[in-house]
Amino acid sequence: GNSVTQMEGPVTLSEEAFLTINCTYTATGYPSLFWYVQYPGEGLQLLLKATKADDKGSNKGFEATYRKETTSFHLEKGSVQVSDSAVYFCALVTGGGNKLTFGTGTQLKVEL
Amino acid sequence: EAGVTQFPSHSVIEKGQTVTLRCDPISGHDNLYWYRRVMGKEIKFLLHFVKESKQDESGMPNNRFLAERTGGTYSTLKVQPAELEDSGVYFCASSQETRGEQYFGPGTRLTVT
């Protein structure tokens, strides 16, 4: 079956620090990969996605590259802001399906 | 355009009671999904509606859970009778296309005591 493994949180960073949140996966077939973000009191929002190997998804300064050889999709941002404080979820979907498989989520807290 | 809305935002009930969660998808979205996050673990798929039909209910944990989408608009998820392990956050999502981007609601936090 499909599964997603994310690094444990919470992650606490100072503003302008570099962020990496690790995500690895196992999947049958060739998955599409996603990062979702949940800000306090809000629903999950799609942050970025990549649908094939070596694709790079990017949005709001965040990036993630689909690495088939390492089955990874690590989230990075060069300089985080307090407003980036949220819970980040890595997810995948395989084949023609629409059933998302999520990781456990990583809480990020950015302090001044 | 209004997003996906869920009601209530929080619910606290006793073991053995019944609770009904409601989801209103984005207008015009035929696809509606229910997911659940239990005790800080991963978010897990429960089921998928296309209009009023259940397309995939493979994630429903047991027969204490009943989901409906009469008329193909809003959906309800009833838990009867509730057990302690049902506590968690229940998310609803909708999409226009079957494989399109899913838009999530804020979730309903259910606490069973």
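Below, read A as the first sequence line, B as the second, and so on, with proteins coming before strands; counting in each chain starts at 1. FYI, side chains are in, hydrogens and waters are out, and symmetry mates aren't considered; it's all heavy atoms of this structure.
- Residues N98(A) and Q102(B) have side chains in contact (heavy-atom distance under 4.5 Å, counting atoms from C-beta outward).
- Heavy atoms of S9(B) lying under 4.5 Å from chain A are absent altogether.
- Few gaps surround NZ on K77(A); more than 12 heavy atoms of other groups in view lie less than 6.0 Å from it.
- For CD of Q81(A), the number of neighbouring non-hydrogen atoms (other residues, nucleotides, ligands) closer than 6.0 Å is greater than 12.
- With a 6.0 Å radius and a threshold of 12 heavy atoms from other residues, nucleotides or ligands, E97(B) has its CD atom at or below the threshold.
- A continuous path of Ile, Leu, Val, Met, Phe, Trp and Tyr side chains, each step under 4.5 Å between heavy atoms, connects V112(B) with W34(B), placing both in one hydrophobic cluster.
- Here the CG atom belonging to L100(A) is positioned 5.5 Å from the CZ atom belonging to F104(B), to the nearest 0.5 angstrom.
- Per-residue heavy-atom pair counts under 4.5 Å with chain B were compared for S32(A), G43(A), S3(A), and the maximum is reached by G43(A).
- When H48(B), K44(B), R37(B) are compared by the number of non-hydrogen pairs under 4.5 Å with chain A, R37(B) comes out ahead.
- Proximity to chain B is absent for every atom of F34(A), based on heavy atoms less than 4.5 angstrom apart.
- Note on W35(A) and L108(A): same hydrophobic cluster, where clusters join Ile, Leu, Val, Met, Phe, Trp and Tyr whose side-chain heavy atoms are under 4.5 Å apart, directly or indirectly.
- Heavy atoms of Q55(B) lying under 4.5 Å from chain A are absent altogether.
- The stretch residues 62-71 of chain B places none of its residues near chain A, where near means some heavy atom under 4.5 Å from a heavy atom of that chain.
- Heavy atoms closer than 4.5 Å to chain B are found nowhere in Q45(A), neither backbone nor side chain.
- In F7(B), the CZ atom is not crowded: 12 or fewer heavy atoms of neighbouring residues, nucleotides or ligands sit closer than 6.0 Å.
- Other residues, nucleotides and ligands contribute more than 12 heavy atoms inside 6.0 Å of the NZ atom of K54(B).
- Under the rule for a ring pair (Phe, Tyr, Trp, His ring centres under 6.0 Å), the partners of F45(B) that lie at least two apart in sequence or sit in another chain are Y35(B).
- In this structure, I43(B) CD1 and T104(A) OG1 are separated by 9.5 Å, a value rounded to the nearest 0.5 Å.
- Side-chain heavy atoms closer than 4.5 Å link hydrophobic residues (I, L, V, M, F, W, Y) into clusters, and following such links, possibly through other members, connects V4(A) to Y66(A).
- In terms of heavy atoms, G41(A) sits closest to P106(B) at O-CB, 4.2 Å.
- Taking both residues in full, the closest heavy atoms of S58(B) and K99(A) are given as OG-NZ, 2.9 Å, listed atom of the first, atom of the second, then distance.
- Linking Ile, Leu, Val, Met, Phe, Trp and Tyr residues whenever their side-chain heavy atoms come within less than 4.5 Å leaves L13(A) and V87(A) in two separate clusters.
- Cluster membership for Y33(B) and L46(A), using ILVMFWY side-chain heavy atoms within less than 4.5 angstrom, is shared.
- To the nearest 0.5 angstrom, F91(B) atom CZ is 8.5 Å from F102(A) atom CZ.
- For CZ of F62(A), the number of neighbouring non-hydrogen atoms (other residues, nucleotides, ligands) closer than 6.0 Å is greater than 12.
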